[in-house]
Student: 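Here it is, the structure, as structure tokens.
Order of appearance sets the numbers: ligands from 1, and atoms from 1 within every ligand.
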Amino acid sequence: MSTEIDHIVIGAGISGLGAAHFALRRGQRTLVLESSERIGGCINSLQFPQLGGFWTEAGAHTCFNSYGHLLSILDDLGLVGQVQAKGKVSYLLWKDGEHAKIFSALHLGEALRSVPRIFSLPKQGRSVADYYGRLLGQRNYQDLLRHAFQAVICQPADEYPAEALFRRKPRRKDVIKAFTFADGLSHVPLAIAAQEGLEVRTGQRVARIGWDGERFQIETGATTLMSRFLTLAVPPDVATALMPEGFAAAREAIAGIGVAEIETLVLVFRATDLPVKPIAGLIAVEDAFYSAVSRDFLPDAGYRGFAFHFRPGVLREDGQVERACLALGTTPRRIQAQARVHNRLPALRTGHAERVARLDAALAGSRLGVTGNWFLGVSIEDALTRSKSESDRRFGA
Ligand SMILES: Cc1cc2nc3c(=O)[nH]c(=O)nc-3n(C[C@H](O)[C@H](O)[C@H](O)COP(=O)(O)OP(=O)(O)OC[C@H]3O[C@@H](n4cnc5c(N)ncnc54)[C@H](O)[C@@H]3O)c2cc1C
């Protein structure tokens, strides 16, 4: 590939790889630059070769048949037939050092009194605490929902915009409701990256981007590459820092969007060593971790894996290991493998839709695209929906 490229994408998470895929299908030769040595970003099916290739998810774990843009990519790649159904396991609460059923925290009377509001209360402009507190009652919000939402977005949920969680989307009847792949969700980014016409270079941290009115100049430290079109597919703080000169209004629109740092601890145990029955995971109530997600949805004969998503800076590393083992009813001596992953998710606030509208006004008519998990919501499908609309805007639908 020469140093002048049709389209460069920065960031090889699902947003960037989706942007590359959609552009490629519109005939754009596309190069993706990724700072880390691994592609996939928050999609990270961690393999343990020393445990016979056992894997467990350190980030995203579930896709749904309502993920239309993801399914369109899987159609293009011939992968729909390979999706793997997830086994039925449930989440438990982890509260006051004990496991409890989710419904034990539900105040049924309060929830029933709230039912009429389900059809009339608008989400727009409301925070999660405001919307769900009104929808299902304050006690239900305080005792159950806020912890469940925190478990999903791995950060405090109260001030998060309600419209950025659980957007209703049509379901595809020919695909199972909740799925993964036999080797985990990393199957998807790896398959997108492997297709002809698309190149991904890892270990390429983009430090600066110029724009001369015709071409973008992308500096990675070692080289400068040029492209006619550019897509930023990085977290909002990185996008703000990399915004090329000449796009001041775009930079101003997104400056200051928060990012939540998540200290993820992945632990693997022998299946025979754990007393806790198979679970989808744990939703923590006021603890040092927000949630734990297990690999029990795809049982393995030998091992069980868990990703604990910790609040940053609360416990030291050994303290996190002890807390995670306590929550699983075991001890650190039983750990067969462990890994640490730094996850980041956007910390959106109400009024975010207006920021996005300002950004879009600033980008209109330009060859610069900006995508990520910080537009419609954090799900894989939300990210791909943005990547598709930014592709359509510049390369045609
Ligand atoms: C713990 C967890 C569980 C989740 N569970 C689910 C789930 O079950 N289902 C679901 O739908 N969603 C889930 N999500 C959300 C979803 O996985 C993410 O929102 C989505 O994968 C983010 O993709 P992205 O490409 O926008 O960002 P990222 O995955 O963060 O990718 C951004 C990429 O940009 C790279 N980058 C950053 N700076 C630079 C630079 N200067 N130069 C070059 N590259 C750079 C990063 O290294 C990274 O690879 C989960 C997220 C987390 C963290």
Student: Can you tell me which residue and heavy atom of the protein come closest to atom 31 (O) of ligand 1, and the distance to 0.1 Å?
Tutor: Gly13 CA, 3.5 Å
Student: Check this for me - ligand 1, Val238, N or O atoms closer than 3.5 angstrom, yes or no?
Tutor: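 The answer is no, given that Val238 and ligand 1 share no N or O pair closer than 3.5 Å.
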Student: Report yes or no: does a heavy atom of Phe64 sit under 4.0 Å from some atom of ligand 1?
Tutor: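 In this structure, Phe64 fails to qualify as a contact of ligand 1 - no heavy atom is under 4.0 Å.
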Student: Should Ser35 be counted as touching ligand 1, given the test is an N or O pair under 3.5 Å?
Tutor: yes
Student: Please tell me if the side chains of Val188 and Ile192 come closer than 4.5 Å, counting only heavy atoms from C-beta onward.
Tutor: yes
Student: Does either side chain, that of Glu34 or that of Gln204, offer a donor lying less than 3.5 Å from an acceptor on the other one?
Tutor: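 No.
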Student: If you group Ile, Leu, Val, Met, Phe, Trp and Tyr by side-chain heavy-atom gaps below 4.5 Å, do Val234 and Leu359 land in one group?
Tutor: yes
Student: Tell me, please: is Glu34 in heavy-atom contact with ligand 1, that is, under 4.0 Å?
Tutor: yes
Student: Do the side chain of Arg355 and the main chain of Ala255 share a donor and acceptor less than 3.5 angstrom apart?
Tutor: yes
Student: Under the 6.0 Å and 45° cation-pi test, does Arg386 pair with Phe375?
Tutor: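 Arg386 over Phe375 ring: yes.
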Student: Ignoring hydrogens and geometry, is there a side-chain-to-backbone donor-acceptor pair from Arg295 to Val268 under 3.5 Å?
Tutor: no
Student: Can you report which non-hydrogen protein atom sits closest to atom 9 (N) of ligand 1, along with the distance?
Tutor: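 Looking at atom 9 (N) of ligand 1, the protein heavy atom closest to it is Thr62 O, 2.9 Å.
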Student: Does a donor on one side chain and an acceptor on the other come within less than 3.5 Å for Thr231 and His7?
Tutor: yes
Student: Below 4.0 angstrom from a heavy atom of Ile380, which ligand 1 atoms are there? Numbered from 1 as shown, please.
Tutor: 10 (C), 11 (O), 12 (N)
Student: Has the side chain of Arg311 got a donor or acceptor atom that lies under 3.5 Å from a matching backbone atom of Asp287?
Tutor: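 Side chain of Arg311 to backbone of Asp287, a donor-acceptor pair under 3.5 Å: yes, one is there.
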Student: For the backbone of Ile279 and the side chain of Asp296, can you confirm whether one donor and one acceptor N or O come within less than 3.5 Å of each other?
Tutor: yes
Student: Relative to atom 37 (C) of ligand 1, which among Asn373, Val234, Leu345 owns the nearest non-hydrogen atom?
Tutor: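 Selected option, by shortest heavy-atom distance: Val234.
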Student: For Gln204, which part has a heavy atom under 4.0 Å from ligand 1: side chain, backbone, both, or neither?
Tutor: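 Contact part for Gln204 vs ligand 1: backbone (N, CA, C, O).
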Student: Determine the interplanar angle of the Trp55 and Phe297 rings, folded into 0 to 90°, and report it as parallel if under 30°, tilted if 30 to 60°, perpendicular if over 60°.
Tutor: tilted
Student: Answer yes or no: does an N/O atom from His61 fall short of 3.5 Å to an N/O atom of ligand 1?
Tutor: yes
Student: Polar contacts were defined as any N/O atom of the residue lying under 3.5 Å from an N/O atom of the ligand; does this apply to Val206 and ligand 1?
Tutor: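 Such a contact does occur with ligand 1.
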Student: Please determine if Asn343 has a nitrogen or oxygen closer than 3.5 Å to a nitrogen or oxygen of ligand 1.
Tutor: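 Asn343 vs ligand 1: no N/O contact under 3.5 Å.
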Student: Any side-chain donor-acceptor pair under 3.5 Å between Asn44 and Glu57?
Tutor: no
Student: List the closest protein heavy-atom neighbour of atom 34 (O) of ligand 1: residue, atom name, distance to the nearest 0.1 Å.
Tutor: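 For this ligand atom, the closest protein heavy atom is Gly11 CA, 3.4 Å.
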Student: Any idea which atoms of ligand 1 are less than 4.0 Å away from a heavy-atom of Ser379?
Tutor: 11 (O), 12 (N)
Student: Counting each atom of ligand 1 from 1 as listed, which ones have a heavy atom of Leu33 under 4.0 Å away?
Tutor: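 Selected atoms, number and element: 43 (C), 44 (N).
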Student: Considering only non-hydrogen protein atoms, determine which one is nearest to atom 1 (C) of ligand 1 and report residue, atom name and distance to 0.1 Å.
Tutor: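 Nearest protein contact, heavy atoms only, for atom 1 (C) of ligand 1 is His309 CE1, 3.3 Å.
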Student: For the pair Phe179 and Phe181, name the ring-plane relationship: parallel under 30°, tilted 30 to 60°, perpendicular over 60°.
Tutor: perpendicular
Student: Tell me the protein heavy atom at minimum distance from atom 25 (O) of ligand 1, and give that distance in Å.
Tutor: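 The closest one turns out to be Ser15 N, 2.9 Å.
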Student: Can you name the atoms of ligand 1, numbered from 1 with element, that are less than 4.0 Å from a heavy atom of Ala233?
Tutor: 32 (C), 34 (O)
Student: Is it true that the side chains of Glu381 and His69 contain a donor and an acceptor less than 3.5 Å apart?
Tutor: yes
Student: Which atoms of ligand 1 sit under 4.0 Å from any heavy atom of Tyr67?
Tutor: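 Answer for ligand 1: 9 (N), 10 (C), 11 (O).
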Student: For atom 17 (O) of ligand 1, what's the nearest protein heavy atom and its distance?
Tutor: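 Atom 17 (O) of ligand 1 sits closest to the protein heavy atom Ala60 CB, 3.3 Å.
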Student: Under a 3.5 Å threshold, yes or no: a donor from one side chain and an acceptor from the other, between Tyr141 and Asp158?
Tutor: yes
Student: When the ring planes of Phe166 and Phe149 are compared, do they come out parallel, tilted or perpendicular, using 30° and 60° as the limits?
Tutor: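 Taking Phe149 first and then Phe166, their aromatic rings sit tilted (interplane angle of 30° to 60°).
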Student: Please report whether ligand 1 has a polar contact with Arg38, defined as an N or O pair separated by less than 3.5 Å (distance criterion only).
Tutor: no
Student: Relative to the heavy atoms of Gly372, which atoms of ligand 1 are at a distance of less than 4.0 Å?
Tutor: 26 (O)
Student: By number and element, which atoms of ligand 1 are closer than 4.0 Å to a non-hydrogen atom of Val378?
Tutor: 15 (C), 16 (C), 18 (C), 19 (O)
Student: Which of the atoms of ligand 1 are close to Ile10, meaning less than 4.0 Å from one of its heavy atoms?
Tutor: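 Counting atoms of ligand 1 from 1, those under 4.0 Å from Ile10 are 42 (N), 43 (C).
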Student: For atom 30 (O) of ligand 1, grab the closest protein heavy atom and report residue, atom and distance to one decimal in Å.
Tutor: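 For atom 30 (O) of ligand 1, the nearest protein heavy atom is Cys42 SG, 3.8 Å.
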Student: Identify the protein heavy atom lying closest to atom 23 (O) of ligand 1, giving its residue, its atom name and the separation to 0.1 Å.
Tutor: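 Atom 23 (O) of ligand 1 sits closest to the protein heavy atom Ile14 CG2, 3.6 Å.
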